Amino acid sequence: MRFSRYFVPTLKEAPAEAEVVSHKLLIRAGMVRRLTSGIYSYLPLGLRGICKVAAIVREEMNRAGASEVLLPAVQPADLWQESGRWEHYGKELLRFKDRHDRDCCFGPTHEEVVTDIIRGEIKSYRQLPLNLYQIQTKFRDEIRPRFGLMRGREFIMKDAYSFDRDDEGADKSYRAMFDAYCRIFSRLGLKYCSVEADSGSIGGSFSHEFMVLAQTGEDLIISCAACSYAANVERAELVPPRAEDIDATEPGEIEEVFTPSQQTVEEVAAFLSIQPSDIVKTILVYVDDSPVAVLVRGDHEMNEVKVKHFLNGQVLRFANPDEVKKLSGAPCGFAGPVKLKVGNIIADNALKARQGWVTGANKEDLHLKNVSLLRDAKITEWGDLRRMEKGEPCPRCGAPVDARRGIEVGHVFKLGTKYSEALKANYVDESGEDRPIIMGCYGIGVSRVLAACIEQNNDEDGIIFPPPVAPFEVMLLNLDVKNEEVSAKADEIYEYLAAKGIDVLLDDREERPGVKFKDADLLGSPMQLVLGRKGLERGIVEAKDRRSGMKVELSLDAWDKEFADWHAQVLEGWKNS
RNA sequence: CGGAGCGUGGCGCAGAUGGUAGCGCGCCUGGUUUGGGACCAGGAUGUCGCAGGUUCAAAUCCUGUCGCUCCGACCA
């Protein structure tokens, strides 16, 4: 492409709306523009980036034996009522009515639609296994879209669905997708890892997430260097205290202590000159509208996902101040398990480690000392209810774990028969018996991958695209557009590269050199070729590796070889990084 | 939805105590420049988010409303 005729509206300043680096750079580089909250237009350069990602995804999906389809974005409500998700999906599902007043929705995911196709077409075990995928725009009406393409409401996703006759086959399909995902993210040049994950509202038995490591990631990943255990914090299992670590000494009599206006754990600890780990935090929540008190150690964090699963609940919300008052009889900050009038009190395993605790007294400005949860409280059940912290023992090998931030770019689920049973997608096996198809589903956030890629590859001058993702692999700068010889040579090199199948953007704008250098760095092509009058006189083209900043001069006399060597060398550098 | 903040030329912003809108970037014209976002001169562009209200007078005060961003519950 020729820059002068292409549409690349670059910006010197980052728009105020952008918070994270990928968002700022996507806008500054003229790749995207926001239409409204969480909804973006892809401009030519952005679309090229998306297409590059999609092409790799497509190749690897095809290679893994999946067949590409394109399913409808607008879907009828009855399908969703059949699966039960019309009720359960929540407000992220964008619902509307058509002119005939029929309920519809915009697909946030396509389990219902594929399963509907499959139940109509698949009758026999002979037709299985099968894997269908698509790359398509999804819509999820997120509560709070943020970080540009990272969490949009409208986004581009690759979603695949596998159909198998039995568990063994389903596991094979899952494995095939897992491997394909590894190949995809490696080819895209991303630093990623796969972690055990919670399966969330899509449902199913087990799942893994693919995370791109980045400080701005919204997810926390627990990983163990010693045994390669890795999991999302939502999921990371904690080992209960070992028998020998338990101090069973029974404390003395319960004692009320005056703690005026000391509401937070930190305040109470400071006021009583004790550690936060000497305190039991009592968190009042509602799970599916019934009240629950969750007990965790003062220095620990409750894990809402774990609590939800522990109670087999769908929705968890915190009690509001009025409800706290009603449930505990005291304002926020003074709830405690002793004589608490909440039927369901669940406690984290870590609280088994000892007996004497400080807790709220369920009375304003009072706490209790010497509380034994076994003696003084009615604990319904104990369990793993908190978030793992950095440095805690790995559930597999006991070594201290590390915590890092990540962006979820892919997710593989083993669904089982959740949808096939709800929608009656059965097949007939060898013995003539009807059986539900075993399903799996596999997503990649294509637009998010582009953002994550920029998040991971940038510097103060702009984007540094890995070659496979770069909208243009080479940017060719003609510094003297008005000089006919220079322009003729630039055109010649442009044609040469194009003929080699290299995506090249020729900057033929009537701009000063400085503008072109700045834009080239901003747009992030991994390779820059610079041709000017001075260089042409000396018979050279200057070549810059965007990532290392290394510049070399390529002789025009030996162009074929010198360019090929340099090109290979830059690509090699990326592979080894 | 709860908490915080912001809406003023295309972009980034300034406009106390009310007096009829300005700066930088960008854009247009001409000239001088031309290897890391040039300079000079001239020029265009605003129903100050929207709707009410107070006032002789509102970007500024009041009320409502819409939109956006950020912090918490969702997820690719």
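Below, read A as the first sequence line, B as the second, and so on, with proteins coming before strands; counting in each chain starts at 1. Note that the structure is predicted; figures quoted are calculated from it, not measured.
Proximity of the aromatic rings of A:Tyr181 and A:His411 is defined here by a centroid distance below 6.0 angstrom, and this criterion is not met. Taking the six-membered ring for Trp and the full ring otherwise, A:Phe210 and A:His208 have centroids separated by 6.0 Å or more.
A gap of 25 Å separates the P atoms of B:C66 and B:C13, to the nearest Å.
By the stacking rule of 5.5 Å between ring centres and under 30° between planes, A:Phe155 stacks on the base of B:A76.
Applying the 3.5 Å distance criterion, the base of B:C68 shares no donor-acceptor pair with the side chain of A:Arg34. With hydrogens and angles ignored, no donor-acceptor pair under 3.5 angstrom links the side chain of A:Arg28 to the base of B:G12.
Using a 4.0 Å heavy-atom cutoff across all strands shown, A:Gly148 reaches no nucleic acid atom at all. Counting non-hydrogen atoms under 4.0 angstrom, A:Ser447 reaches nothing in the nucleic acid. At the heavy-atom level, A:Gly532 lies under 4.0 Å from base atoms of the strands shown.
Residue A:Arg512 contributes atom CZ, which lies 14 Å from atom P of B:C25 at whole-angstrom precision.
Nucleotide B:A76: unpaired (no Watson-Crick or G-U wobble partner with both distances less than 3.5 Å).
Taking the ring axis of A:Phe3 as reference, the NZ or CZ atom of A:Arg509 stays within 45° of it and closer than 6.0 Å to the ring centre.
Taking side-chain N and O atoms only, A:Lys12 has no distance below 4.0 Å to OP1 or OP2 of B:C13.
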